[in-house]
Amino acid sequence: MPEGHTIHRIAGQHRTRFSGEAVSVTSPQGRFLEADRLDGRELKAVEAYGKHLLYEFDGRRYVHVHLGLFGKVRTAQQPAPRAGPTVRMRLSVDEWYADLVGPTRCRLIDGDQRSTLLSRLGPDPLRRSADPHLAFERISRSRQPIAALLMDQSVVAGIGNVYRAELLYRARLNPYRPGSDTDLEAWTQIWEDARTLMRAGVRSGRIVTTEIRDRDNQGRIVRASDAHYVYGRTGRWCRTCQTEIRAADLAGRTLYWCPKCQR
DNA sequence: GCAAAATGTCAAG
DNA sequence: TTGACCTTTTGCA
């Protein structure tokens with residue numbers, strides 16, 4: 001499920017498995033009408049920016065994919081099973097196929113539209129060239145709660161509801177503090193923490209923010225409830241201070257925090 | 001078997 | 001601020 005780490009993970013896999021080849025592009029569901037125009041063309045590159053995924057084909061044409069809340073990509077070895085009516089786009093090469101299901105966006109765009117899209121995104125902690133100061137300029141001048149700013153993709157690209165909650169907890173920051181209360185040192189710490197956690201997310205394919213390993217000594221995947229400090233832990237006890245974890249609605253999304261650790 | 005919720009975004013009012 | 005959109009999974013009868 002999709003925060004920035006998921007998108008970068010998919011981009012990496014698809015770059016390796018599909019780019020540099022002539023790719024069969026189809027829309028079994030029929031709703032990606034432009035699939036025909038790309039079918040059999042060479043895929044030049046695959047890039048992730050925040051939560052956006054871009055497949056570049058000849059002539060600066062791009063498939064822009066956004067998974068939204070429910071979208072998924074399934075990548076596996078051939079032979080591909082018959083595609084059901086929910087598969088918006090299928091990519092196929094000799095060895096691999098990938099099915100895109102339930103995206104909020106899947107459309108063909110040109111270079112100008114790509115530029116417009118990228119211009120609306122803040123720095124992405126998963127991209128080497130990202131400049132955290134661009135985000136700091138927005139945050140330090142805003143009276144919006146820091147929790148809202150971290151979710152604003154034009155401020156920082158790629159952070160979602162889980163990373164937001166966990167980053168604020170790890171920084172011991174109250175989510176309702178105005179952005180303007182954040183000094184550069186505090187922001188730098190959050191940014192570096194985001195890079196660390198999100199890179200680990202790209203590697204493992206899951207969000208683990210607690211100081212545990214992805215797998216225990218027997219190789220079993222740790223329980224999801226053990227992987228987070230506050231996200232999804234409403235009514236349970238804070239690992240650090242035993243206070244009850246709170247949840248509230250902020251701009252239509254559920255915010256989680258520890259009222260004692262994050263004063 | 002169905003309702004509700006989920007790691008998201010945008011447009012309408 | 002609310003509703004629409006897209007799909008799968010979970011929890012409750």
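Order of the sequence lines fixes the chain letters, A, B, ..., with proteins taken first and strands second; residue numbering starts at 1 for each chain.
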Whole-Å gap separating [atom2] ([N]) and [atom1] ([X]):
X     : N     : atom1 : atom2 : result
A/H52 : B/dT7 : NE2   : P     : 18 Å
A/I7  : B/dG8 : CD1   : P     : 10 Å
A/H64 : B/dT9 : NE2   : P     : 10 Å
A/L53 : B/dG8 : CG    : P     : 16 Å
A/E3  : B/dT9 : CD    : P     : 9 Å
A/Q29 : C/dC6 : CD    : C1'   : 9 Å
A/R74 : C/dC6 : CZ    : P     : 19 Å
A/L69 : C/dT9 : CG    : C1'   : 13 Å

What nucleotide among [options] has an atom nearest to a side-chain atom of [X]?
X      : options              : value
A/K72  : B/dT7, C/dT8, B/dG8  : C/dT8
A/T104 : B/dG8, C/dT8, B/dC10 : B/dG8
A/R31  : C/dC6, B/dA6, B/dT9  : C/dC6
A/P2   : C/dT7, B/dT7, B/dT9  : B/dT7

What's the gap between [N] and [M] when it is taken at their [atom1] atoms, as a whole Å value?
N      : M      : atom1 : answer
B/dG13 : C/dC5  : P     : 14 Å
B/dT7  : C/dT1  : C1'   : 23 Å
C/dA13 : B/dA5  : P     : 14 Å
C/dC6  : B/dA12 : P     : 16 Å

Report the C-alpha separation of A/W191 and A/F136 in whole Å, then their side-chain angles, then the decisive distance to 0.1 Å, and conclude whether the ring-ring contact (aromatic ring centres under 6.0 Å, His included) test is met. CA-CA 10 Å; A/W191 174 266; A/F136 182 68; over 10 Å; no
Sorted by number, the residues of residues 245-258 of chain A with heavy-atom contact under 4.0 Å to DNA chain C: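 Correct list: empty, so none.
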Neighbours of DNA chain C within residues 141-175 of chain A, by heavy-atom distance under 4.0 Å: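 Residues of residues 141-175 of chain A under 4.0 Å from DNA chain C: none.
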Closest non-hydrogen atom pair between [X] and [Y], with its separation:
X      : Y      : value
A/R61  : A/R37  : NH1-O, 3.7 Å
A/Y256 : A/A165 : O-CB, 3.9 Å
A/D99  : A/R90  : OD1-NE, 2.7 Å

Here's one to test your reading of the geometry: is the NZ or CZ of A/R114 within 45 degrees of the ring axis of A/Y62 and under 6.0 Å from its centre?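 A/R114 over A/Y62 ring: yes.
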Apply salt bridge (Lys or Arg N to Asp or Glu O under 4.0 Å) to the pair A/R164 and A/E3, showing each step before the final yes or no. CA-CA 10 Å; A/R164 158 176 82 174; A/E3 295 193 25; over 6 Å; no
Between atom CH2 of A/W187 and atom CD of A/E192, what is the distance when rounded to the nearest 0.5 Å?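 Rounded to the nearest 0.5 Å, the CH2-CD separation comes out at 10.0 Å.
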How long is the straight-line distance from CD of A/Q189 back to CZ of A/R170, given to the nearest 0.5 Å?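 Nearest 0.5 Å value for the CZ-CD distance: 9.5 Å.
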May I ask you to check whether A/Y169 and A/T240 show a side-chain donor-acceptor distance below 3.5 Å?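 Present: a donor and an acceptor within the cut-off.
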Is the phosphate of C/dC6 approached by A/T86 (side-chain N or O, under 4.0 Å from OP1 or OP2)?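 No, because none of the side-chain N or O atoms of A/T86 sits under 4.0 Å from OP1 or OP2 of C/dC6.
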Reference residue A/L197; test side-chain contact (heavy atoms from CB on, under 4.5 Å); the match among A/I207, A/V208, A/L167: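 So, applying the side-chain contact (heavy atoms from CB on, under 4.5 Å) to A/L197 and each of A/I207, A/V208, A/L167, only A/L167 qualifies.
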